[in-house]
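What follows is one structure encoded as structure tokens, with my remarks underneath.
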Amino acid sequence: MGAPLVATIEQLCVNTIRGLSIDAVQRANSGHPGLPLGAAPVAFVLWTRHLRHNPSNPKWANRDRFVLSAGHGYMLLYSLLFLTGYELTLDDLKGFRQWGSKTPGHPENILTPGVEMATGPLGQGFASAVGMAIAERYLSSNINRPGFEIVDHHTYVLCSDGDLMEGVTQEAASLAGHLKLGKLVVLYDDNHITIDGATDLSFSDHTRERFQALGWHVQEADGEDMESVDRAIAIAKKATAEPSLIICRTTIGFGSPNFAGKSKSHGAALGVEEVKLTKRALGMPEQEFYVPEQALDFFRQAEVTGQELEDNWSRLVEAFRATHPESTAWLDPDGSIETSHFPEFNDPVATRVASAKTLNAIAKQVPTLIGGAADLAESVGTMIEDSPYFQPNTPTGRNIAFGVREHAMMAAVNGITLHAGCRAFGGTFLIFSDYCRPALRLAALMEIPSIFLFSHDSIGLGEDGPTHQPIEHLMALRAIPNLNVMRPADAYETAACWKIAMEARKNPCALILTRQALPLLTPAEIEVHQATRGAYVLAEASVSSRYPEERSISAGIADLVIVATGSEVSVAMAAGSLLEKEGIAARVVSMPSWFLFERQPKDYRESIFPKNIPVVSVEAGATLGWARYAQAHVGIDHFGASAPGPAVMREFGFTPENVATVSRELLKR
């Protein structure tokens with residue numbers, strides 16, 4: 001083939017993105033070519049005319065964030081990352097969707113340099129971007145001084161029709177509009193196509209009016225006209241009083257003679273012949289993975305420009321340090337937690353109350369710890385004392401009123417965490433973890449230390465009844481890989497779990513908290529609390545009177561082990577005492593975290609649960625899963641009932657007497 005028949009260098013660059021995208025999908029014979037073909041001009045304008053980034057340092061603190069919420073447009077992003085000079089090669093594009101590839105089937109922040117977050121589940125990117133914009137607003141409001149705009153960047157999102165249909169996006173858009181997050185700019189790839197066909201099959205919203213009603217600045221642009229897109233972005237950047245939505249009318253599968261504007265171009269390779277025809281229509285050579293030198297040179301200007309931007313910013317930061325040394329802690333948080341300042345407890349207390357007190361002790365040490373609840377701040381215990389709510393007129397506030405938006409809340413917590421510079425938490429009742437599960441799962445997949453607080457953790461909450469009493473939720477959360485689910489037994493274990501959560505770096509943590517008061521049972525020394533092991537012996541058995549010679553506790557042997565979590569640990573302790581009076585040596589184990597326990601050395605795990613010693617589990621939740629540790633269970637595998645909490649617990653068998661009975665029966669087997 002001869003030279004490409006493209007009128008301008010910028011159009012050549014756009015078509016280079018398109019060519020690489022459809023080639024990678026075709027080589028893998030799997031993927032989504034439609035969005036990259038249609039949205040390439042929109043992304044090109046953003047990345048080359050507006051996005052402030054440094055390919056040599058994807059984690060530059062003051063970079064603009066770009067979130068591809070429409071994760072099925074991954075090849076658009078991968079192509080841009082390669083072309084602008086990130087640590088991604090042409091061979092990486094050729095290895096798209098293959099084993100060990102840095103270009104997986106949907107973007108993953110832990111695999112690909114320059115990817116801000118894992119996307120693909122629609123709406124998650126949009127909602128997490130709201131969290132990123134919250135972090136930028138909070139940090140800039142607390143750090144910046146006249147002449148020192150240390151934190152000053154935008155968060156850009158490219159989303160799809162599908163994103164805007166998801167409920168989490170509606171929640172997040174409502175929150176962003178209320179908070180007037182003016183540095184959030186969303187580019188909507190409005191191609192009028194879904195997998196099943198035209199959007200009018202299921203989507204007839206007046207999108208402009210909907211977002212305007214939510215408090216957004218809204219424009220429309222011709223997604224094929226780069227100047228139209230450029231003008232719209234420039235205007236959006238000046239509309240600082242509102243988040244911005246730019247509706248970019250595009251054609252899915254643009255350039256494909258047979259599939260342009262059709263749903264068939266969404267999620268399948270075009271086919272070898274159609275790829276050739278598309279390249280001809282675009283005026284490009286048929287050569288696979290063709291990257292014209294002049295286009296690459298144009299894109300690689302980002303390396304020089306980006307380094308200059310970061311260098312200028314670094315000089316500003318150094319001058320800021322010299323001028324405002326009192327603010328250094330904001331720039332260099334060491335992340336350490338001093339437990340000597342943690343609260344003391346003398347009486348029984350609900351773990352949600354203990355959590356609230358510990359949270360405030362930590363907040364005094366960590367000014368970048370921010371968060372809130374889904375309209376349950378008092379009930380869950382998320383209020384940071386002596387700080388206002390984070391609002392448009394009080395952007396230095398640390399308390400975020402997420403409203404009744406559980407899903408958007410946890411996605412925004414992820415965004416705040418991903419942004420870096422802040423630690424974020426969100427809270428609601430455990431029963432509503434179902435409403436936000438996709439965000440919890442994504443946090444675990446992205447290996448980020450988001451903190452999730454769930455109170456009212458069992459049938460023990462009582463009168464609200466089975467609609468509010470979690471049953472399967474603990475096990476459902478434990479099933480998420482890389483999520484540390486911690487259910488503390490008392491106030492001190494709660495404080496220890498908070499310390500664990502704050503020190504986490506590559507996994508999120510969920511703290512499961514009680515409404516009802518619990519007695520103090522575990523050691524008060526938080527710094528060396530054995531909760532860090534996940535499970536530990538809380539009460540050792542006395543020497544067995546049943547087997548005084550064959551079994552001695554000094555050899556680590558008991559007649560029985562009772563393992564419990566949360567509010568049931570006190571029940572297990574009382575049951576152990578009953579059994580001891582009968583001559584049955586019962587060891588009681590508190591197990592706040594399966595996640596941490598399973599990461600302990602084998603010899604430690606076997607020291608807690610010795611071989612051939614029967615185990616009874618006690619937890620006010622589903623018994624599914626406990627078979628890995630125990631042979632008998634006191635749990636609940638059905639819905640609860642409405643009554644005072646102590647009555648519900650008693651009627652469903654969470655009493656020392658019933659645990660003792662189940663233990664005796666196990667010993668008879």
Side-chain angles (χ1 to χ4, degrees), residues 42 45-46 49-53 61-67 69 116 125-146 148-159 163-164 169-188 207-221 229-248 309 313 370 372 388-403 405 408 411-412 415-416 418-422 424:
V42 175
V45 169
L46 174 62
R49 301 189 190 181
H50 297 278
L51 195 71
R52 293 165 52 89
H53 63 118
N62 201 40
R63 69 191 181 280
D64 289 337
R65 273 63 172 175
F66 173 74
V67 176
S69 191
E116 295 287 356
F126 186 111
S128 290
V130 171
M132 294 178 187
I134 289 172
E136 194 279 339
R137 171 71 64 79
Y138 177 75
L139 290 170
S140 63
S141 300
N142 280 285
I143 296 175
N144 293 352
R145 302 289 186 273
F148 293 97
E149 299 298 314
I150 304 301
V151 181
D152 181 18
H153 55 262
H154 285 79
T155 301
Y156 295 100
V157 180
L158 181 62
C159 76
D163 283 291
L164 296 192
T169 301
Q170 173 69 18
E171 292 180 22
S174 175
L175 179 62
H178 169 75
L179 294 176
K180 301 185 183 301
L181 299 174
K183 288 189 175 179
L184 175 64
V185 178
V186 176
L187 297 129
Y188 163 32
T207 302
R208 170 188 275 274
E209 290 81 356
R210 173 158 70 104
F211 273 78
Q212 286 175 332
L214 293 174
W216 285 60
H217 177 268
V218 184
Q219 303 173 74
E220 295 183 17
V229 174
D230 182 48
R231 287 192 298 272
I233 296 174
I235 292 170
K237 288 161 65 176
K238 294 178 181 177
T240 57
E242 301 166 302
S244 287
L245 178 72
I246 303 173
I247 303 171
C248 301
L309 288 169
W313 178 81
I370 63 174
Y389 274 107
F390 177 86
Q391 292 285 293
N393 60 340
T394 54
T396 60
R398 305 173 68 178
N399 295 296
I400 304 173
F402 288 105
R405 304 182 182 99
I416 295 169
L418 283 161
H419 179 278
C422 289

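The nearest pair of heavy atoms linking Leu179 to Pro392 is O-CG, 3.6 Å. Val151 approaches Ser140 most closely through the heavy-atom pair O-CB, 3.2 Å. The two residues Cys159 and Val186 come nearest to each other via the heavy atoms SG-CG1, 3.6 Å. Asp163 and Ser69 make their closest contact through OD1-OG, 2.7 Å (heavy atoms, listed as atom of the first residue, atom of the second, distance). Of all heavy-atom pairs spanning Leu187 and Cys248, the tightest one is CD2-SG, 4.0 Å. Between Arg137 and Gly182 the shortest heavy-atom distance is NH2-N, 3.5 Å.
Rounding to the nearest 0.5 Å places OH of Tyr188 at 4.5 Å from OG1 of Thr207. Annotation: the span from Lys237 atom NZ to His154 atom NE2 amounts to 6.5 Å, rounded to 0.5 Å. To the nearest 0.5 Å, the span separating CH2 on Trp216 from OG on Ser244 amounts to 8.0 Å. With rounding to the nearest 0.5 angstrom, the CZ atom of Phe211 is 12.5 Å from the CD1 atom of Ile246. Taking CD of Glu136 as the start and CG of Leu181 as the end, the distance is 9.5 Å to the nearest 0.5 Å. A distance of 11.0 Å separates OG1 in Thr240 from NZ in Lys180, rounded to the nearest 0.5 Å.
Residues Leu46 and Phe66 have side chains in contact (heavy-atom distance under 4.5 Å, counting atoms from C-beta outward). A heavy-atom distance below 4.5 Å is found between the side chains of Ile400 and Ile416. You'll find the side chain of Tyr138 reaches within 4.5 Å of the side chain of Arg398, heavy atoms only. A 4.5 Å side-chain heavy-atom check between Trp313 and Ile150 finds at least one atom pair inside the cut-off. Under the 4.5 Å side-chain criterion, counting only non-hydrogen atoms from C-beta, Leu139 is in contact with His419.
One N or O on the side chain of Ser128 and one on the backbone of Ala411 form a donor-acceptor pair closer than 3.5 Å. Formation of a donor-acceptor pair under 3.5 Å by the Thr394 side chain with backbone atoms of Tyr389 is found in this model. For the pair Asn62 (side chain) and Asp152 (backbone), a donor-acceptor distance under 3.5 Å is present. Under the 3.5 Å distance criterion, the side-chain polar atoms of Arg145 are matched with a main-chain donor or acceptor of Ile143. Side-chain atoms of Arg52 do not come within 3.5 Å of backbone N or O of His153 as any donor-acceptor pair.
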Could you walk me through whether Ile233 and Arg49 satisfy the side chain to side chain contact (heavy atoms under 4.5 Å, CB included) test, starting with their C-alpha distance in whole Å, then the side-chain angles of each, then the deciding distance to 0.1 Å, before giving a yes or no? CA-CA 10 Å; Ile233 296 174; Arg49 301 189 190 181; over 6 Å; no
For Gln170 and Arg210, what are the C-alpha separation, side-chain angles and deciding distance, and is it a side-chain hydrogen bond (donor to acceptor under 3.5 Å, both in side chains)? CA-CA 10 Å; Gln170 173 69 18; Arg210 173 158 70 104; 2.7 Å; yes
Between His50 and Asp230, does a side chain to side chain contact (heavy atoms under 4.5 Å, CB included) hold up when you go through it step by step? CA-CA 8 Å; His50 297 278; Asp230 182 48; 2.6 Å; yes
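Dense packing is recorded around CZ of Phe148, with more than 12 heavy atoms of other residues, nucleotides or ligands lying under 6.0 Å away.
With sequence neighbours left out, Arg63 forms a salt bridge (Lys or Arg N to Asp or Glu O under 4.0 Å) with Glu116.
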